[in-house]
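Here's the structure, in structure tokens; my notes come after.
In this text, all values refer to a predicted model and were calculated from it rather than measured experimentally.
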Amino acid sequence: MASFGQIIFWGLIVSIFVTAGLIILILSVSFSGQGLGGSKGTVDSIDKWPIGNLGEDVILSCKFKTSTNSRESTSQVSITWTKEGLSEVVYKYDKGAVQLTEQNPQFKNRTLLFSDAIGGGNASLLLRDVKVGDSGVYYCSVSTPSCSGTASVNLRAAAFSDPKFKRVNTTLTAEAERWFPKPNVTWLDVNDNVLNESETSFFNNSAGITRFISSLQPIKLYGSYTCIIQNPLVKAVSKATVKDTEISARTFFSFNTSAAPPILLPQWQVLAATARVLLWIYQLT
């Protein structure tokens, strides 16, 4: 039968581990919204690390809580988009009217809110004709009678396009017109083994956009090959199937959505402290 001291000891063990678990849970919740893409209050972004394709449009996401009456909410909503490092605004909407007198010239005629969706809590910004200089951290600040807060969005600018394939005799060539930053090109066989019998040439235009031509030889007249194009932001996997004179290809894009380095919770400190306390209690009993 357990002694009174043992009962106390094991009771303390259970309570300490429960307390440690609660501390870890509280820390996890409190830190989950922090970091560069975090938000305050009831304003948030569903895409905190978007990648914009140079020369094309991109949406910077921003959502906020609204009242049940959309008209009343819209007439009392203030939305301001700013960019880190710039004194002027990117875009400003206040109480039903667009106010661009203080807009940075970099964004003139290139930004737009979805006015019909503001009443539903959509403060997202459409940025047209993405440029390299658009990269950076943007802040979406919203103020309404029922909520206020700021969400941050880190836009990365890149260029990417799918490759076009052609075959000449036993040489398979992939050519892509637009990549930025400069990518690496790798060829794989049908079993995903790296093929070293390839040669890739890169050509940069005045804007720094890379065009490349990559040739693989010798190839089989009936076979499947994979061309992987990858830079720090975008990865394209193109699967080409050769059937004599015909080539069919499919390209799949994936994007680097990694955010700022996560804040490491001090779980090991909690467990180490728990162990020290347990040792001390054991020595007392």
Side-chain angles (χ1 to χ4, degrees), residues 31 33-66 73-159 180-181 206-209 232-234 255-263:
F31 284 123
Q34 295 188 12
L36 187 58
S39 64
K40 305 172 185 177
T42 53
V43 182
D44 200 3
S45 172
I46 60 174
D47 187 5
K48 295 177 171 64
W49 292 78
I51 295 176
N53 198 353
L54 294 176
E56 299 183 8
D57 300 345
V58 66
I59 294 176
L60 306 185
S61 164
C62 184
K63 306 290 184 180
F64 65 95
K65 183 180 179 181
T66 61
S73 174
T74 301
S75 65
Q76 301 182 72
V77 171
S78 176
I79 302 171
T80 303
W81 278 91
T82 57
K83 184 174 185 282
E84 190 173 85
L86 298 181
S87 57
E88 301 101 333
V89 301
V90 175
Y91 196 92
K92 186 173 182 178
Y93 174 96
D94 189 30
K95 298 178 181 179
V98 177
Q99 299 183 3
L100 302 180
T101 55
E102 299 179 356
Q103 186 182 43
N104 186 285
Q106 173 183 343
F107 301 100
K108 185 177 180 180
N109 299 324
R110 298 177 55 225
T111 53
L112 186 69
L113 289 183
F114 301 92
S115 56
D116 294 340
I118 293 176
N122 188 348
S124 299
L125 181 74
L126 174 66
L127 177 60
R128 299 187 183 279
D129 187 20
V130 172
K131 305 178 187 301
V132 174
D134 293 333
S135 295
V137 182
Y138 292 76
Y139 298 98
C140 171
S141 299
V142 180
S143 178
T144 73
S146 59
C147 77
S148 65
T150 300
S152 58
V153 180
N154 190 327
L155 173 64
R156 284 87 49 85
F180 175 85
S206 58
I209 308 300
L233 299 177
V234 185
F255 304 94
N256 183 355
T257 57
S258 61
I263 299 175

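Counting heavy atoms from C-beta on, the side chains of V153 and D47 never come closer than 4.5 Å. Side chains of V58 and D134 form no contact here, defined as non-hydrogen atoms less than 4.5 Å apart. L100 places a side-chain heavy atom less than 4.5 Å from the side chain of Y91. The side-chain heavy atoms of L60 and P50, taken from C-beta on, include a pair separated by under 4.5 Å. Counting only heavy atoms from C-beta outward, the side chains of Y93 and V142 never approach each other to under 4.5 Å.
Closest approach of C140 and V43 over heavy atoms only: O-CG1, 4.0 Å. Among all heavy-atom pairs drawn from Q76 and P145, the shortest one is OE1-CG, 3.1 Å. Between A159 and N53 the shortest heavy-atom distance is CA-OD1, 3.3 Å. Contact record, F114 with S124: CD1-O, 3.6 Å, taken as the closest heavy-atom pair. Minimum interatomic distance between F180 and G208 (heavy atoms only, all atoms of both residues): CD1-O, 3.6 Å. Nearest approach of E102 to E88, heavy atoms of both residues: O-CB, 3.0 Å.
Remark: the backbone N or O of S61 is paired with a side-chain donor or acceptor of S45 at under 3.5 angstrom. Although no hydrogens or angles enter the test, the distance criterion places a donor-acceptor pair under 3.5 Å between the side chain of R110 and the main chain of R128. At distances below 3.5 Å, not a single donor-acceptor pair connects side-chain atoms of S143 with backbone N or O atoms of S148. When atom types are taken as modelled, the side chain of Q103 and the backbone of V90 share a donor-acceptor pair closer than 3.5 angstrom. Formation of a donor-acceptor pair under 3.5 Å by the K92 side chain with backbone atoms of T82 is not found in this model. Checking side-chain atoms of N256 against main-chain N and O of V234 turns up no donor-acceptor pair under 3.5 Å.
Taken from OG1 in T144 to CD1 in I79, the straight-line distance is 9.5 Å, to the nearest 0.5 Å. To the nearest 0.5 Å, atom NZ of residue K131 and atom CD of residue Q106 are 9.0 Å apart. L127 contributes atom CG, which lies 5.5 Å from atom OH of Y138 (distance to the nearest 0.5 angstrom). Taken from CG in D57 to CG in D129, the straight-line distance is 7.5 Å, to the nearest 0.5 Å.
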Go through it in stages, so that I can follow the logic: the residues are C62 and L125, the test is side chain to side chain contact (heavy atoms under 4.5 Å, CB included), and I'd like the CA-CA distance, side-chain angles, deciding distance and then a yes or no. CA-CA 8 Å; C62 184; L125 181 74; over 6 Å; no
Apply side chain to side chain contact (heavy atoms under 4.5 Å, CB included) to residues L233 and W49 and explain how you reach the verdict. CA-CA 10 Å; L233 299 177; W49 292 78; over 6 Å; no
Can you list the steps and then say if F107 with L86 is a side chain to side chain contact (heavy atoms under 4.5 Å, CB included)? CA-CA 11 Å; F107 301 100; L86 298 181; 3.7 Å; yes
W81 and T111: side chain to side chain contact (heavy atoms under 4.5 Å, CB included), yes or no, with the steps? CA-CA 10 Å; W81 278 91; T111 53; over 6 Å; no
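Between K63 and D44 there is no salt bridge, since no side-chain nitrogen of the basic residue lies less than 4.0 Å from a carboxylate oxygen of the acidic one.
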